[in-house]
Amino acid sequence: MQAAGLWHVGTLGSVTDAPVVRFAPSPTGFLHVGSAHSALANWLVARQAGGRFLLRIEDTDAERNRPELIENVLEMLRWLGLGWDDEPVHQSDRTDEHRRAALEMAEAGTAYWCDCAGEQVQARAQERGGPPGYDGHCRRRGLDRSDSTALRFRVPEGTTRWTDLVRGEVSFENTTLEDFVLLRSSGAPMFLLVNALDDAHMGITHVIRGEDHVNGTPKYLLILRALSLDEPTAFAHLPLLVNEGRKKLSKRRDDVSVADYRAEGLLPEAMVNYLSLLGWGPPDGVEVRPVEEIIELYDLAAVNPSPAFFDRDKLLHVNGEWIRSLDPADFVARASPFLPPGDEPAQALAAMAPLVQERVKTLAEAPAMVDFLWMEEPPLDEAAWDKALVRGRAAREVLDASLDELGRLAEAGDGAWVAADVSDAVARVATTAGLVNAEGRPQMAKAQAPIRVATTGRAVGPPLWESLAVLGPTRTLARLGAARERLG
RNA sequence: GCCCCCGUCGUCCAGCGGCCCAGGACACCGGCCUUUCAAGCCGGCAACGCGGGUUCGAAUCCCGUCGGGGGUACCA
């Protein structure tokens with residue numbers, strides 16, 4: 001909340017009191033976690049200060065543009081709960097406007113036409129042994145527009161600086177900036193031009209984006225100044241999200257698709273919560289908390305400028321906490337897309353929900369915890385069978401005694417039984433099978449193992465008494481009998 | 001190469017000149033609890049890159065150095 005005052009610093013008056021921010025994805029891939037991180041920061045700032053969070057689709061690259069991906073981006077933002085204001089702006093709709101501004105610069109002399117081919121530029125750079133990049137060859141040639149000329153910005157002398165909310169003062173000597181291209185020879189406007197123009201057009205007050213845009217910022221600023229357009233009141237360059245090799249997260253190497261995380265059973269609350277923790281931490285140290293609180297506490301000025309490792313383990317931990325905090329009915333509803341179709345799986349999960357919630361880190365893990373309840377023959381973990389039934393001590397005795405004790409309980413129970421009675425019966429089984437400790441107490445851990453594998457197919461799972469209570473006497477006894485037979 | 005940014009436990013975050021022989025979280029290790037597995041609780045391991053300065057006093061300020069990253073397209 002301390003940061004609230006920041007919105008007013010350097011503004012000219014009451015008009016810009018509430019921040020106007022934007023998320024500007026280019027539809028060249030699925031929304032990835034790095035973009036989501038930026039989108040979240042923008043959204044938080046807008047929601048915190050009663051501002052507006054706008055969307056702009058940067059679709060000016062006709063080559064790589066994949067319109068169908070726009071829908072993925074929007075869907076993921078919706079899933080994350082990062083709702084936007086107004087209709088998304090499509091950059092490609094404003095091309096005429098962009099071109100007009102570029103021509104205006106050509107007219108004013110702040111930009112000039114250049115017919116150098118890329119190879120020529122490179123060759124000259126190599127020849128003079130200097131740094132690669134454009135050398136200003138056409139600066140004074142006074143070329144006219146043609147279908148083989150690109151428009152380049154005439155970088156002025158001086159120093160370009162700005163105050164970054166995350167990084168403090170940042171400055172560039174303009175001599176280190178090359179005369180970059182504004183308009184391709186095809187007439188298509190370039191990213192930097194379009195980006196700056198559209199931000200001005202949309203009245204963006206706070207440009208919040210990844211650190212990879214730092215180097216483009218002086219050019220962005222220079223363009224706005226050449227056109228006498230209003231500059232944003234603040235910039236914030238967020239830390240990059242990196243992989244274990246400390247490299248920027250990339251689509252090729254890393255698991256970055258938000259859609260994939262959703263498919264893995266991450267809760268959007270957990271995703272947003274975890275993302276907020278990269279580069280920032282709440283002042284009170286409470287990490288897992290509702291987004292409403294994060295909105296209140298988030299502060300760009302407190303964001304750590306160094307790169308942050310996207311730690312899957314911690315993400316999963318946060319997700320586990322969120323899953324455990326869910327109301328059981330809500331948990332079942334959210335996990336249902338991960339269940340096989342039909343009423344049975346849903347009912348099985350509902351019957352065991354609280355016990356399952358405590359044991360999974362993702363929704364996708366839930367079905368395997370209760371599949372023995374709806375499957376006629378649950379998949380058998382051979383290693384578990386071998387350990388508990390073949391090599392396990394007194395396995396036959398346990399099964400025999402179980403058939404006996406649980407059979408008696410079933411008869412008394414008239415088709416159903418309760419967990420406490422199952423527990424008592426297994427205690428008697430342990431004693432019968434000789435599984436007792438020095439004090440003569442039944443060793444429940446040992447006794448439950450063969451029964452668990454025989455009835456659920458696995459060595460681990462939810463508490464057995466409750467599991468068998470839901471499974472019911474008929475199926476429990478049938479499976480115990482089958483296991484006994486298989487053992488021989 | 002050049003430009004820019006960054007540098008506290010393995011990882012994320014706290015620390016903004018004395019409260020720090022550095023705190024929390026994840027991971028890891030041990031213990032307790034316990035019908036398995038989890039969860040929970042208790043405990044442990046583990047960091048201020050290095051060198052100079054400034055100061056009575058530096059993780060905190062300055063300089064340098066080393067290291068890492070990002071950018072350097074008629075991609076966005």
Side-chain angles (χ1 to χ4, degrees), chain A residues 24-28 58-61 63-65 91 114 116-118 121-122 125 129-134 148-152 164 166-167 170-173 175-178 180-186 188 190-192 194-195 210-218 237 239-240 242 244 246-248 274 277-288 302 304-318 320-321 324 355-361 369 384 388 422-423 426-427 430 442-449 451-453 456 458-466:
Chain A
S26 62
T28 54
E58 310 223 315
D59 54 356
T60 54
D61 183 355
E63 307 276 299
R64 300 195 304 154
N65 213 18
Q91 212 157 46
C114 165
C116 298
V121 173
Q122 281 179 24
Y134 187 66
S148 62
T149 54
L151 185 68
R152 286 184 182 273
D164 198 288
V166 174
R167 282 153 217 281
V170 183
S171 72
F172 283 76
E173 287 303 324
T175 50
T176 67
L177 271 23
E178 281 128 36
F180 54 96
V181 172
L182 256 17
L183 237 40
R184 295 180 240 198
S185 45
S186 69
M190 294 287 288
F191 166 73
L192 240 14
V194 171
N195 192 249
E211 193 199 333
D212 46 350
H213 290 282
V214 168
N215 294 271
T217 302
H237 287 95
L240 250 25
V242 299
E244 43 289 306
R246 308 301 300 175
K247 297 264 199 290
K248 181 168 77 160
Y274 176 65
L277 261 18
L278 292 174
W280 176 82
D284 59 9
V286 178
E287 297 187 321
V288 178
N304 189 330
S306 37
F309 172 63
F310 187 82
D311 187 351
R312 209 189 142 73
D313 284 342
K314 183 139 181 176
L315 202 214
L316 256 25
H317 166 80
V318 171
E321 294 233 20
R324 267 171 263 134
L355 297 174
V356 174
Q357 276 172 271
E358 206 165 278
R359 290 170 170 75
V360 296
K361 286 189 167 172
M369 301 247 82
V422 173
S423 174
V426 174
Q443 294 178 299
M444 304 300 273
K446 288 199 166 61
Q448 63 94 40
I451 303 174
R452 178 183 292 281
V453 176
T456 72
R458 292 186 168 86
V460 299
L464 189 59
W465 322 150
E466 285 77 0

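Lettering of chains follows the sequences in order, A, B, ..., and the numbering in each one begins at 1. Heavy atoms only: backbone and side chains are in, while hydrogens, waters and symmetry mates are out.
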Taking the minimum atom-to-atom distance to the side chain of A/Leu240, which one of B/rG69, B/rC74, B/rC13 wins? B/rG69
Is any side-chain heavy atom of A/Asp59 closer than 4.5 Å to a side-chain heavy atom of A/Pro27? yes
To the nearest angstrom, the CG-P distance between A/Asn304 and B/rG24 comes to 19 Å
N or O in side chain of A/Lys247 less than 4.0 angstrom from B/rG69 OP1/OP2: yes
For the pair made of CZ in A/Phe309 and C1' in B/rG68, what is the distance, rounded to whole Å? 15 Å
At 4.0 Å (heavy atoms only), tell me whether A/Ala384 reaches a base, stays on the sugar-phosphate, or touches nothing. nothing
Which whole number of Å gives the distance between the C1' atom of B/rA47 and that of B/rC9? 4 Å
B/rC6 versus B/rC13 - spacing of their P atoms, nearest Å: 14 Å
Using a cut-off of less than 4.0 Å, is there contact between a side-chain N or O of A/Arg184 and OP1 or OP2 of B/rC75? yes
Test item: A/Glu287 and A/Tyr274 side chains (from C-beta on) under 4.5 Å apart, heavy atoms: no
Donor-acceptor pair, distance only, cut-off 3.5 Å: does the side chain of A/Arg458 make one with the backbone of A/Val453? no
At 4.0 Å (heavy atoms only), tell me whether A/Thr28 reaches a base, stays on the sugar-phosphate, or touches nothing. nothing
side-chain contact (heavy atoms from CB on, under 4.5 Å) between A/Val426 and A/Met444: does it pass, once the steps are laid out? CA-CA 7 Å; A/Val426 174; A/Met444 304 300 273; 4.2 Å; yes
Round to the nearest Å and state the distance from A/Asp284 atom CG to B/rG15 atom C1'. 15 Å
Take atom P in B/rA46 and the same atom in B/rG23, then report the distance between them in whole Å. 12 Å
Taken to the nearest whole Å, CG/A/Asp313 to C1'/B/rC9 is 16 Å
Check if the side chain of A/Ser186 and the base of B/rC74 share a donor-acceptor pair of N or O atoms closer than 3.5 Å. no
Nucleotide paired to B/rG71 in any strand shown, Watson-Crick or G-U, under 3.5 Å: B/rC2
Under a 3.5 Å limit on both distances, the Watson-Crick or wobble mate of B/rG49 is B/rU65
Does A/Arg324 put a side-chain nitrogen or oxygen below 4.0 Å from OP1 or OP2 of B/rG40? yes
Looking only at atom types and distance, does a side-chain atom of A/Arg359 sit under 3.5 Å from a main-chain N or O of A/Leu355, one as donor and one as acceptor? yes
Have a look at A/Arg458 and say if it touches a base, only the backbone sugar-phosphate, or nothing, with a 4.0 Å heavy-atom cut-off. nothing
What distance, rounded to whole Å, do you find between the two P atoms, one in B/rA25 and one in B/rG44? 12 Å
Indicate yes or no: at least one non-hydrogen side-chain atom of A/Lys248 is less than 4.5 angstrom from one of A/Asp212. yes
Give A/Ser171 one of three labels, base, sugar-phosphate or nothing, depending on what nucleic acid heavy atoms sit under 4.0 Å from its own. sugar-phosphate
Counting heavy atoms from C-beta on, name the nucleotide in B/rG7, B/rC12, B/rC75 closest to the side chain of A/Met190. B/rC75
What is the nucleic acid contact for A/His237, judged by heavy atoms within less than 4.0 Å: base, sugar-phosphate only, or nothing? nothing
Nucleotide nearest A/Ser185 (side chain, heavy atoms from C-beta), chosen from B/rC4, B/rC74, B/rC6: B/rC74
Give one of base, sugar-phosphate or nothing for A/Phe191, where a contact means two heavy atoms less than 4.0 Å apart. base
Scan nucleotides 34-37 of chain B against the protein and return all N/O pairs shorter than 3.5 Å with their distances rounded to 0.1 Å.
from	atom 1	to	atom 2	distance (Å)
B/rU35	O2'	A/Gln448	OE1	3.4
B/rU35	O2'	A/Gln448	NE2	3.2
B/rU35	O2	A/Leu464	N	3.3
B/rU35	N3	A/Trp465	NE1	3.4
B/rU35	O4	A/Trp465	NE1	3.2
B/rU35	O4	A/Glu466	OE1	3.4
B/rU36	O4'	A/Gln448	NE2	2.8
B/rU36	O2'	A/Ala459	O	3.2
B/rU36	N1	A/Arg452	NH2	3.4
B/rU36	O2	A/Gly461	N	2.9
B/rU36	O2	A/Gly461	O	3.1
B/rU36	N3	A/Arg452	NH2	3.2
B/rU36	N3	A/Gly461	O	2.5
B/rU36	O4	A/Arg359	NH2	3.3
B/rU36	O4	A/Pro463	N	3.0
B/rC37	O2	A/Arg359	NE	2.6
B/rC37	N3	A/Arg359	NE	3.0
B/rC37	N3	A/Arg359	NH2	2.8
B/rC37	N4	A/Arg359	NH2	3.1

B/rA22 and B/rG10, which share atom name P, separated by this distance in whole Å: 15 Å
Protein-nucleotide distance (A/Glu287, atom CD; B/rA25, atom C1'), rounded to Å: 4 Å
Write down the distance between CD (A/Glu321) and C1' (B/rA27), rounded to a whole number of angstrom. 14 Å
The side chain of A/Arg167 lies closest to which of these nucleotides: B/rA25, B/rC74, B/rC6? B/rC6
For A/Arg152 and A/Cys114, work out which heavy atoms get closest and say how close. NE-SG, 3.3 Å
By side-chain contact (heavy atoms from CB on, under 4.5 Å) - contacts of A/Glu358 (at least two apart): none
Any base atoms under 4.0 Å from A/Glu211, or only sugar-phosphate, or nothing? Heavy atoms, all strands. base
Write down the partner of B/rU60 under the Watson-Crick or G-U wobble criteria, each distance required to be under 3.5 Å. none
Partner lookup for B/rG23, please. Criteria are Watson-Crick or G-U wobble with both distances under 3.5 angstrom; report none if nothing qualifies. B/rC13
To the side chain of A/Glu58, which of B/rC3, B/rG7, B/rA76 is closest? B/rA76
A/Thr60 side-chain N/O to B/rA76 phosphate OP1/OP2 under 4.0 Å: yes
To the side chain of A/Arg246, which of B/rA39, B/rG69, B/rG70 is closest? B/rG69
So, does the side chain of A/Asp212 form a donor-acceptor pair with the base of B/rG71 at under 3.5 Å? no
At under 4.0 Å between heavy atoms, what does A/Gly210 touch on the DNA or RNA strands: base, sugar-phosphate, or nothing? nothing
B/rG30 pairs with, by Watson-Crick or G-U criteria that keep both distances under 3.5 Å: B/rC42
Any side-chain heavy-atom pair from A/Val181 and A/Met190 closer than 4.5 angstrom? yes
Can you measure A/Phe180 atom CZ to B/rU72 atom P for me and round it to whole angstrom units? 13 Å
Is any side-chain nitrogen or oxygen of A/Lys361 closer than 4.0 Å to OP1 or OP2 of B/rA27? yes
Rounded to whole Å, how long is the line connecting atom CG of A/Asn195 with atom P of B/rC75? 15 Å
Just by distance, do the side chain of A/Thr176 and the backbone of A/Phe172 share a donor-acceptor pair under 3.5 Å? no
Between the side chain of A/Asp164 and the main-chain N/O of A/His237, is any donor-acceptor distance below 3.5 Å? yes
Among B/rC6, B/rG70, B/rA39, which nucleotide has an atom closest to any side-chain atom of A/Pro307? B/rC6
Counting only Watson-Crick or G-U wobble pairs whose two distances fall under 3.5 Å, which nucleotide matches B/rC37? none
